[in-house]
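Below is one structure, written out as structure tokens; comments come after it.
Here the structure is a predicted model, which is why all the values come from computation and not from measurement.
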Amino acid sequence: ILRPTMSPGLWYQMCLDMETEVMTPQGWAKCSQVNVGDSVGAFDLATGEIVFCPALDKVHRPLAPGETMYGVSAPHLDIRVTDRHTMVYRGRGETCRHWRKRDARALAALRDSFLVPVAGNTDGPSVPLSDDELRFLGWVLTDGYRDPSNNAVVISQSAAGPYLEQIHSMLKGCGIGYRVYRRERKGKLSQYPPAVQFQIPYGEPRGANRGLRGWKHLADYLNRPLLESLLPISRRQLQVLLEAMNLGDGAKRKSVSWRPRTMDICLGEHQFLAEQLQVLCVLRGFRCNISILRQRSPWHSGDPKPLYVLRVREQQVATIGGSVQRRNPLVKKRSRFGPVPFDPSEMVWCLTTEYGTLVTRRRGKVCIVGNCG
């Protein structure tokens, strides 16, 4: 990689497969959606931060004769690149503190397991919102909806749910006036407990709530894409937002007594919201992957729509196993990076950035790799 060359073909032997996307300030982009000069996410090897910079060059080509593909497919990672693509890694030892580069073929030959970056450590300046206002946004984005008849926001919970007092406390902490209604369930849902609905008006409330405020002052954060309204959010503030969303639509593991480190937040059919949140998480140091589930309701006869689930964990690296597999049954066998099947006629692509790295995603799983040139 470091030897001098005048051959463009040698530089361009570092590419991603066509399913791989790159991070942009608007979300994730495929090969056809990004061009030279567009802003893309890159990883600063010295500081560990993710920065947006212009793409200096773009390659889109078929596989060269003799070129192969390397990658790994695991529950937390999905990488597929050409055999000469530059990868970013570091050892797992305490003395291995600096990120290094090595081409995919050489990386696959490492005997010991190693780390790859999956998130940055960039902290934002913060947004001018209190913790209760951030929790309000989290509850609305998961268990809330907007009533089209009066523009009120409604947060719905089961009457047997454990979070009713938390919602009361959050709304009072925001200084918001609200009313609570109890709705009996009907039809096929009559077997479930009644629903409790917290109704928050858009403007200033009347009656007993006079003097308080509605959700109008938070309208910009609910009406605009999250990467526009919440881009300056700090890591601590994002943690508050995610915890509220996890209470709203997160997986509730009742069978375990310990608190899981990974949050599984279901966002329903809202793909755009899931992808915007994923970018925010990766920027602020959270490993974040998206899983797509398809569930058929008992009363739904048509094709089920996809459900997007965010799997978030406060972690900036992922581990890949080395070429030597331990025979000790007590040692966890990790997924290995190595040769993968390929079609000799398939197309590949890549971008060039001034940092020599790219923040990529394949099948909803994020990883930071090198770039071509």
Side-chain angles (χ1 to χ4, degrees), residues 26 124-186 189 192-250 265-270 272-274 276-277 279-281 284 310:
Q26 292 76 38
S126 76
V127 291
L129 296 176
S130 67
D131 287 357
D132 282 322
E133 289 172 331
L134 289 167
R135 294 186 184 100
F136 175 80
L137 296 180
W139 278 103
V140 174
L141 292 174
T142 50
D143 272 352
Y145 67 92
R146 193 177 305 182
D147 189 336
S149 64
N150 56 10
N151 204 25
V153 162
V154 179
I155 300 174
S156 182
Q157 283 284 289
S158 169
Y163 306 121
L164 298 179
E165 289 301 322
Q166 294 188 28
I167 297 176
H168 279 290
S169 176
M170 174 266 296
L171 292 173
K172 292 177 181 178
C174 294
I176 288 177
Y178 62 97
R179 293 181 181 274
V180 181
Y181 298 92
R182 185 183 178 94
R183 307 292 187 189
E184 297 293 334
R185 302 185 191 268
K186 301 179 181 179
L189 298 178
Y192 297 104
V196 176
Q197 295 183 341
F198 298 82
Q199 189 174 90
I200 302 99
Y202 177 74
E204 294 183 3
R206 295 172 293 182
N209 292 320
R210 183 181 297 275
L212 300 176
R213 56 182 177 177
W215 65 274
K216 181 178 180 180
H217 65 291
L218 299 173
D220 283 347
Y221 297 97
L222 294 175
N223 295 334
R224 295 162 53 199
L226 294 186
L227 284 178
E228 293 181 11
S229 59
L230 292 179
L231 186 59
I233 195 171
S234 67
R235 184 177 303 161
R236 189 198 66 81
Q237 287 181 319
L238 182 58
Q239 179 72 41
V240 173
L241 176 69
L242 291 173
E243 288 177 353
M245 297 182 71
N246 190 47
L247 293 180
D249 269 339
I265 304 172
C266 182
L267 297 176
E269 306 165 15
H270 305 295
F272 182 74
L273 174 61
Q276 296 265 301
L277 273 170
V279 173
L280 277 180
C281 290
R284 296 294 177 258
L310 281 183

Open item on the list: Per the side-chain hydrogen bond (donor to acceptor under 3.5 Å, both in side chains) rule, what does the pair list look like for residues 163-174, sequence neighbours excluded?
Closed with: H168-Y178
Open item on the list: Looking at S126, is its backbone amide N or carbonyl O close enough to the side chain of R236 to form a donor-acceptor pair, meaning the two atoms are under 3.5 Å apart?
Closed with: no
Open item on the list: Is any side-chain heavy atom of L129 closer than 4.5 Å to one of L137?
Closed with: yes
Task: Inter-residue atom distance F136.CZ - L218.CG, 0.5 Å rounding - done: 6.0 Å
Task: Chi angles and distances behind the side chain to side chain contact (heavy atoms under 4.5 Å, CB included) call for D249, D143 - done: CA-CA 7 Å; D249 269 339; D143 272 352; 3.1 Å; yes
Open item on the list: To check you understand the geometry: which heavy-atom pair defines the closest contact between G124 and S234, and what is its length?
Closed with: O-CB, 3.6 Å
Donor-acceptor contacts, no H, no angles, side chain residues 195-207, under 3.5 Å, sequence neighbours left out:
unit_1: Q197; atom_1: OE1; unit_2: R183; atom_2: NE; d: 3.3

TODO: Identify the heavy atoms of Q26 and Q276 that sit nearest to each other, and give their distance.
DONE: O-NE2, 3.0 Å
Open item on the list: Could you measure the distance from the CE atom of M245 to the CG atom of L238? Nearest 0.5 Å is fine.
Closed with: 9.5 Å
Show me, pair by pair, the donor-acceptor contacts under 3.5 angstrom made by side chains of residues 221-231, not counting sequence neighbours?
unit_1: N223; atom_1: OD1; unit_2: R146; atom_2: NH1; d: 3.2
unit_1: N223; atom_1: OD1; unit_2: R146; atom_2: NH2; d: 2.9
unit_1: N223; atom_1: ND2; unit_2: A219; atom_2: O; d: 3.2
unit_1: R224; atom_1: NH2; unit_2: E228; atom_2: O; d: 3.3
unit_1: S229; atom_1: OG; unit_2: P225; atom_2: O; d: 3.3

Open item on the list: Would you say that R185 contacts S158 through its side chain, given a criterion of any heavy-atom pair below 4.5 Å between the two side chains?
Closed with: yes
Task: Atom of R182, atom of P194 and distance for their closest heavy-atom approach - done: NH2-CG, 3.4 Å
Open item on the list: Using 0.5 Å steps for rounding, measure from the CG atom of D131 to the SG atom of C174.
Closed with: 10.0 Å
Task: Distance in Å, L247 CG paired with I265 CD1, rounded so as to fall on 0.5 Å steps - done: 9.5 Å
Task: Distance in Å, L280 CG paired with L241 CG, rounded so as to fall on 0.5 Å steps - done: 8.5 Å
Open item on the list: So which atom in M170 and which in D132 form the shortest heavy-atom distance, rounded to 0.1 Å?
Closed with: CG-O, 3.5 Å
- [ ] Over all heavy atoms of both residues, which pair between L267 and T142 is shortest? Give the atoms and the distance, please.
- [x] CD2-CG2, 4.4 Å
Open item on the list: With rounding to the nearest 0.5 angstrom, report the CD to CZ distance, Q237 to R284.
Closed with: 9.5 Å
- [ ] Taking all non-hydrogen atoms of both residues into account, name the closest pair between I155 and I167 and its distance.
- [x] CG2-CD1, 4.2 Å
